[in-house]
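Please read the structure below before turning to the comments.
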Amino acid sequence: MQQRIPVKQALAGGELTGGTITVMGWVRTNRAGKAVSFIELNDGSCLKGLQVVYTAESLSNYDEVSRVLTGACLSVTGQLAPSEGKGQSVELKAYTVQLVGDCDATFPLQKKRHSFEYLRTIAHLRPRTNTFGAVFRVRSVLAYAIHRFFNERGFVWVHTPIITGSDCEGAGEMFRVSTLSPTDPPRTEGGEVDWAQDFFGRQTNLTVSGQLSGEMFALALGNIYTFGPTFRAENSNTTRHASEFWMIEPEMAFHDLADNARLAQDFLQFIIRHVLDHCPEDMAFFDQWVKPGIVARLEALTTTPFETIPYTEAVRLLQQSGQAFQYPVSWGIDLQTEHERWLTETHVGRPVFVIDYPKEIKAFYMRQNDDGRTVAAMDLLVPGVGEIIGGSQREERHDRLLARINEMGLHEQDYWWYLESRRFGSAPHAGFGLGFERAIMYITGMENIRDVVPFPRTPDNCEF
RNA sequence: UCCUGAGUAGCUCAAUCGGUAGAGCGGGUGGCUGUUAACCACUAGGUUGGGGGUUCAAGUCCCUCCUCAGGAGCCA
């Protein structure tokens, strides 16, 4: 195709000003006047569009172009010139306008604000809106920032499997992966489905976490991280749960819980700094239209240390808060959303680590503390989103780990390779999981996870 | 899965005590010497989510189903 200049580059002007360029993109608005007419053309390279100026004299197909509606795709060649109007520094004086893809009046996106709820029903078109263009540019930049953070610190990116043979990752309901007939599967003599005849010779599922695999690599390569899709078959209907989402799980050998929290803070501060520095236009948009004050809040966050509160202390604070919680607080309970919100939004007012939870409410692999009743766990709570990071120091002592597996009624044989890592040169190590979408929500101010995923999957919804 | 709320024009919404379904935007037509969510005039556009019921009369009240949203639980 003909060489095109991205709108972002055209708007920057520079050496291009005065020259002839071609831009290709989609019409946001077409204002036809008697003497001179205007089209705002957006190609997704940035938030702003390029103003195309055209007249009856300049275009052979003026009638056609003046009737073009919002949504049409155009290729415009013209002179990039300093704007004669207000509101933009440069504009494109069109020599030729080619109608690449026409768009009729039934195009669902209009020159006005739509509800996010409505836009979810047209997920195939919503990337063409300002908000979703900005969300998905930021999503991309954030993903890059994450890789850069770890890469600069010598972490190895490990591609843990998406199909897993272990039913023991313990983080929620799983989606089954099978090639057996759903209506007539092979059966054992006892009438049960004979999974031995399934594709992998056993039951398999989509992963709910790469952590256990990640630990094996941390105990070989030192510092590693995973970054990929994760699947949970929970029937969750909330603004912060999706059935398919992406997760980042660093795992570090020779790290304890304090090292873990320090890394988590450095990590969040780094990736937020990176987005603020590289997406100023999109972030200003979120600040103006989505969540006023978000930029200032993020700026402050990148320089202020996060708070750390032990669970036992958090319980005491909640009990002394004078708040009438729906769920009463006592030592041993899992903190409810209302408690977490009070801690991070009211009490601290910024991100806070809650550490050292009772072992009964946490996973088997978390390292048992010397007090005999808590484990070296940490949850990072942030205002507006809630839990954004969950992590722990892992139990590296074979006997303690085995005891805990048995105490919790789990099957030792399901964890044979995990346990072996504690027999063959075990080492202290720690890690955490960050919900990628929750990070995007926190940074953009978008309040529903369905609006930061290109085509979200949630219970009863897999359209597109 | 539980609780609450909402479905009215393509979109965003209004419609008082149950009494003739409206507006803005978008579309069409015409106008306008540089517009910026352009502006001005005219115009088309409706099985009020589906089904049933009460009533002289239902967008409005009752029953039921569907869909969506928010909250809770689970978690990231």
Side-chain angles (χ1 to χ4, degrees), chain A residues 28-41 48-56 67 69-71 81 83-88 91 93 103-122 125 129-130 169-173 208-211 226 229-249 264 289 325-327 334-341 361-363 379-382 385-391 432-442 447-453 458-461 463:
Chain A
R28 285 295 179 80
T29 174
N30 184 7
R31 297 180 291 272
K34 190 173 189 180
V36 60
S37 304
F38 306 88
I39 285 173
E40 186 187 338
L41 202 67
K48 285 201 180 71
L50 179 65
Q51 174 159 284
V52 173
V53 187
Y54 64 101
T55 64
R67 282 196 302 271
L69 299 179
T70 299
S83 179
E84 294 176 28
K86 288 172 182 158
Q88 57 282 316
E91 61 193 14
K93 294 181 179 304
C103 184
D104 66 31
T106 63
F107 183 58
L109 292 172
Q110 297 176 9
K111 295 182 276 191
K112 54 173 259 185
R113 225 175 159 172
H114 290 290
S115 66
F116 290 147
E117 182 183 337
Y118 170 66
L119 291 171
R120 276 172 220 148
T121 69
I122 50 168
L125 297 171
T129 64
N130 286 338
E169 291 175 353
E173 292 295 311
V208 293
S209 166
Q211 181 199 316
T226 74
T230 309
F231 307 87
R232 303 271 169 94
E234 303 283 354
N235 189 11
S236 296
N237 289 287
T238 78
T239 53
R240 56 194 188 285
H241 290 87
S243 309
E244 176 181 332
F245 63 100
W246 282 49
M247 191 154 64
I248 299 102
E249 296 177 292
W289 298 105
F325 293 115
Q326 188 186 344
Y327 295 86
D334 209 352
L335 298 182
Q336 305 294 310
T337 299
E338 59 176 347
H339 307 142
E340 295 182 343
R341 290 183 69 101
I361 59 173
K362 287 293 181 183
D379 284 354
L380 181 65
L381 313 177
V382 298
V385 174
E387 183 182 342
I388 197 171
I389 281 177
F432 61 83
L434 168 88
F436 184 47
E437 282 79 9
R438 290 190 183 174
I440 301 168
M441 290 165 70
Y442 186 60
E447 290 180 347
N448 194 313
I449 196 168
R450 292 165 215 151
D451 297 328
V452 299
V453 178
T458 52
D460 270 326
N461 178 18
E463 192 66 57

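Note that these values count all heavy atoms, side chains included, but never hydrogens, waters or copies made by symmetry. By convention in this document, chain letters (A, B, ...) are assigned in the order of the sequence lines, proteins followed by strands, and residues within each chain are numbered from 1. As the structure is a computational prediction, the values presented were derived from the model and not from experiment.
B:A69 and B:G22 are spaced 26 Å apart, taking the C1' atom of each and rounding to whole Å. To the nearest whole angstrom, the two P atoms, one in B:G24 and one in B:C62, are 33 Å apart. Annotation: B:A21 and B:G31 have their C1' atoms spaced 32 Å apart (nearest Å). Nucleotides B:A14 and B:U8 have their C1' atoms positioned 9 Å apart, rounded to a whole Å.
Distance from the side chain of A:D334 is smallest for B:C75 among the nucleotides B:G34, B:C75, B:G10. Out of B:G24, B:G10, B:G34, the shortest distance to the side chain of A:K112 is found at B:G24.
Under 3.5 Å, the side chain of A:Q110 and the base of B:U12 form no donor-acceptor pair of N or O atoms. Residue-to-nucleotide contacts include no donor-acceptor pair under 3.5 Å from the side chain of A:K111 to the base of B:G10. Side-chain atoms of A:E234 and base atoms of B:U1 include no donor and acceptor less than 3.5 Å apart.
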request  = For each nucleotide in nucleotides 64-73 of chain B, reading 5' to 3', give B when a protein heavy atom comes within less than 4.0 Å of its base, S when such contact involves only the sugar-phosphate, and - otherwise.
outcome  = ----SSSBBB
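Residue A:K34 places at least one side-chain N or O under 4.0 Å from the OP1 or OP2 atom of B:C32.
Along RNA chain B, the nucleotide closest to A:E437 and the one closest to A:Q88 are compared, and the more 5′ of them pairs with A:Q88. Checking A:S115 against A:E84, the closest nucleotide of RNA chain B that is more toward the 5' end is the one next to A:S115.
Put simply, OG1 on A:T129 and CZ on A:R28 are 7.0 Å apart, with the number rounded to the nearest 0.5 Å.
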Show each protein N/O and nucleotides 3-5 of chain B N/O combination with a separation under 3.5 Å, one pair to a line.
none

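With a 3.5 Å limit on both pairing distances and Watson-Crick or G-U wobble geometry required, the stems of 3 or more pairs in RNA chain B span B:1-7 with B:66-72, B:10-13 with B:22-25, B:27-31 with B:39-43, B:49-53 with B:61-65.
Few gaps surround CD on A:Q336; more than 12 heavy atoms of other groups in view lie less than 6.0 Å from it.
Residue-level contact check: A:I388 touches the backbone only, with heavy atoms under 4.0 Å from sugar-phosphate atoms and none from bases.
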